[in-house]
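Contents: one structure, followed by commentary.
Numbering of residues begins at 1 and proceeds along the displayed sequence. Everything numeric in this text was worked out from a predicted model, so none of it was measured.
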Amino acid sequence: MDLNMTPAQEAFRDEVRSFVQQRLPHDIRERLRLGHPPRKQDTVAWQRILNERGWAAPHWPKRYGGAELGQMERLILMDELYRAPAPLPQVFNVTMLGPVLMKFGTPEQCNFFLPKLANLDLWFCQGFSEPGSGSDLASLRTAARREGEHYIVNGQKIWTTTAHMADWVFALVRTDSQARKQEGISFLLIDLKSPGITIRPIVSLDGDHHLNEVFFDEVRVPVGNLVGEENKGWNCAKFLLGNERTGIANVGLCRERLDFAREIAEKTQEGHRRLIDAPQLRSEFATLDAEIRALEITNWRFLLTDSAREALPSFASVLKLKGVELQQDIGALLARLAGPAGLERRPLDDLDAGPLVPRYFYSRAASIYGGTSEVQKDILAKTLLG
């Protein structure tokens, strides 16, 4: 396969790069460059700018506010956003819920929700995991019983990313307790302002608040918020989890973080020489550069070659595993280079490194979210090795 971009694709990259340089606010770029996660107002402001061009939901049909970009153009767009660096469009809105509504939702649901998802007028979070249902998602116990034109929801979700910021949650709930595990589950859209919902923070190892527990106590949800058929929510969940693979390798993120590591190494001195001049460190940079390039080519082959996807659909697990490993290796390198400055717990000297050590701590969770590394290895063992 020829991995060189066409002139049209090169022109598109130039267009995206120019747009990002002109429109991305400097303070947002600088926060992300130093390793801070984007704030809610950063993501909202930037997504609305992208939405002017249809790039907030680039793979959506134009009638829903998207740009109908092809796979390669979407890769280019994501790579440029990572390398700026800029906030990515809100994943729960654009990547997860939007396509589910287009496939399973009613026309009324699509017309009401999709424009608000693209413009981030509503912020959704995902209510899947429970204290006893993580990797074995089908064992969930949050229940919804129907009473007239409402479902009454009771139960608990956990590890709910950005629930404290969100307006709504899309949740899997059990509507038939007698059915087999994967059956009897429904997909509901729930307004988080509804009476009976309690959100409690979970502070992670980096000292930040990304995650939450969400409790439902007799929460009334209109039947019109059911997506797809009752007891067929597992179909929505499978489609959601398998629908989006474009960003699974995190190639652009790895490149941007390695560039920042190189910048720190170039302006940090140890003894009479810069860190970047140490042969062992130069070798480490070269190795990581080569591994990122190899992952990028592998990602292109998988995503852009129909025969590769059809022959080895489980190869997405390879992209997830290697992307996570590289992300963590580069995070560890950044923390090592920044040293105490990367803790961001004291006044910084001339090296403004940001919270690189706490971000390294949080990067360890990448082995869990989006499908644990152990589950990915099990998939590969079954499908590739038999």
Run the side-chain donor-acceptor check on residues 110-122: report pairs under 3.5 Å with partners two or more places apart or on a different chain.
unit_1, atom_1, unit_2, atom_2, d
Asn111, ND2, Pro107, O, 3.1
Lys116, NZ, Phe112, O, 3.2
Asn119, OD1, Asn51, ND2, 3.1
Asn119, ND2, Asp121, OD1, 3.1
Asp121, OD1, Arg48, NH2, 3.2

Ignoring hydrogens and angles, write down the donor-acceptor pairs under 3.5 Å from the side chains of residues 356-368, residues two or more places apart or on other chains.
unit_1, atom_1, unit_2, atom_2, d
Arg359, NE, Gly35, O, 3.3
Ser363, OG, Tyr360, O, 2.6
Ser367, OG, Gln328, NE2, 2.9

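In this structure, the separation between NE2 on His210 and CE on Met165 is 8.5 Å, given to the nearest 0.5 Å. To the nearest 0.5 Å, the span separating CH2 on Trp46 from CZ on Arg29 amounts to 8.0 Å. Separation of atoms CG (Leu326) and NZ (Lys322) is listed at 5.0 Å; rounding is to 0.5 Å. Here CD1 of Ile28 is found 13.5 Å from NE2 of His36. Values are rounded to the nearest 0.5 Å. Put simply, CG on Asn250 and CG on Leu295 are 8.5 Å apart, with the number rounded to the nearest 0.5 Å. Atom CD1 of Ile292 sits about 5.5 Å away from atom SG of Cys254, to the nearest 0.5 Å.
Gln47 places a side-chain N or O within 3.5 Å of a backbone atom of Gln90 that can act as its donor or acceptor partner. Here the side chain of Thr106 pairs a donor or acceptor atom with the backbone of Gln109 at under 3.5 angstrom. Listed for the Arg174 side chain is a donor-acceptor partner under 3.5 Å among the backbone atoms of Glu183. Between the side chain of Asp217 and the main chain of Gly196, no donor-acceptor pair closer than 3.5 Å is present. Between the side chain of Trp60 and the main chain of Val94, a donor-acceptor pair closer than 3.5 Å is present. Using modelled atom types, one side-chain atom of Thr298 and one backbone atom of Ala294 make a donor-acceptor pair closer than 3.5 Å. No donor-acceptor pair closer than 3.5 Å links the side chain of Lys157 to the backbone N or O of Phe216. In this structure a side-chain-to-backbone donor-acceptor pair under 3.5 Å is present from Glu130 to Arg141.
Every residue was checked against the side chain to side chain donor-acceptor pair (under 3.5 Å) condition with Lys62, not counting sequence neighbours, and none meets it. With sequence neighbours left out, Thr198 forms a side chain to side chain donor-acceptor pair (under 3.5 Å) with no residue at all. Residues passing the side chain to side chain donor-acceptor pair (under 3.5 Å) test with Gln21: none are found, sequence neighbours excluded. Residues passing the side chain to side chain contact (heavy atoms under 4.5 Å, CB included) test with Ser18, sequence neighbours excluded: Gln22. Remark: Phe92 engages no residue in a ring-ring contact (aromatic ring centres under 6.0 Å, His included) (not counting sequence neighbours). The side chain to side chain contact (heavy atoms under 4.5 Å, CB included) test applied to Glu266 returns Arg262, Arg274, Ile276, not counting sequence neighbours. Residues forming a side chain to side chain donor-acceptor pair (under 3.5 Å) with Gln269 (at least two apart in sequence, or on another chain): none. In terms of the ring-ring contact (aromatic ring centres under 6.0 Å, His included) criterion, Tyr64 has no residue partners (sequence neighbours excluded).
Other residues, nucleotides and ligands contribute over 12 non-hydrogen atoms within 6.0 Å of the CH2 atom of Trp55. The local environment of CD in Glu15 is crowded, with over 12 non-hydrogen atoms from other residues, nucleotides or ligands closer than 6.0 Å.
Between Gly252 and Asp79, the closest heavy-atom pair is CA-OD1, 3.3 Å. Nearest heavy atoms, Pro37 versus Asp208: CG-OD2, 3.8 Å. Pro99 approaches His59 most closely through the heavy-atom pair CG-NE2, 4.1 Å. Between Ala56 and Pro89, the closest heavy-atom pair is O-CB, 3.3 Å. In plain terms, the two heavy atoms of Leu172 and Gly233 that are nearest each other are CD2-O, 3.9 Å. Summarising the geometry of Ala84 relative to Val20, their closest heavy-atom pair is CB-CG1, 3.6 Å, with the distance given to 0.1 Å.
Under the 4.5 Å side-chain contact rule for hydrophobic residues, Leu81 and Met5 share a cluster. Two different hydrophobic clusters hold Leu188 and Met102 under the rule that ILVMFWY side chains link at heavy-atom gaps under 4.5 Å. By the criterion of side-chain heavy atoms lying less than 4.5 angstrom apart, applied directly or through intervening Ile, Leu, Val, Met, Phe, Trp or Tyr residues, Ile185 is not grouped with Val219; the two fall into different hydrophobic clusters. There is no path of hydrophobic side-chain contacts, each under 4.5 Å, that joins Trp123 to Leu240. By the rule that hydrophobic residues join a cluster once side-chain heavy atoms approach within less than 4.5 Å of another member, Leu69 and Phe19 end up as members of one cluster.
You'll find the side chain of Arg257 stays beyond 4.5 Å of the side chain of Gln327, heavy atoms only. Looking at Leu189 and Phe124, their side chains come closer than 4.5 Å, going by heavy atoms from C-beta outward. Side-chain contact between Asn212 and Cys125 is absent, with no heavy-atom pair separated by less than 4.5 Å. The closest side-chain heavy-atom distance from Arg31 to Pro38 is not below 4.5 Å. Between Gln156 and Pro131 there is a side-chain heavy-atom pair separated by less than 4.5 Å. Put simply, the side chain of Val221 does not reach to within 4.5 Å of the side chain of Ser194, judged on heavy atoms. Residues Thr95 and Leu88 have side chains not in contact (no heavy-atom distance under 4.5 Å, counting atoms from C-beta outward). Residues Asp329 and Leu333 are not in side-chain contact: their nearest non-hydrogen atoms beyond the backbone lie 4.5 Å or more apart.
Among residue pairs with one or both ends in residues 80-95, those qualifying as salt bridge (charged side-chain N to carboxylate O under 4.0 Å, His left out) are Arg13-Glu80, Arg17-Glu80, Arg83-Asp259; sequence neighbours excluded. For residues 218-234, every residue pair satisfying the side chain to side chain donor-acceptor pair (under 3.5 Å) rule, not counting sequence neighbours, is listed here: Arg145-Glu218, His150-Arg220, Tyr151-Glu230, Asn154-Glu218, Thr175-Asn231.
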Stepwise side chain to side chain contact (heavy atoms under 4.5 Å, CB included) check, Gln376 with Val318: CA-CA 8 Å; Gln376 305 307 317; Val318 173; over 6 Å; no
Worked verdict on Leu281 versus Phe285 for side chain to side chain contact (heavy atoms under 4.5 Å, CB included): CA-CA 6 Å; Leu281 186 59; Phe285 272 111; 3.7 Å; yes
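Note that Arg255 lies outside the cation-pi zone of Tyr82, set by a 6.0 Å cut-off to the ring centre and a 45° limit from the axis.
Ring orientation note: the planes of Phe187 and Phe128 are nearly perpendicular, at an angle over 60° on the 30°/60° scale.
Salt bridge absent: Lys377 and Glu374 never bring a charged side-chain N and a carboxylate O closer than 4.0 Å.
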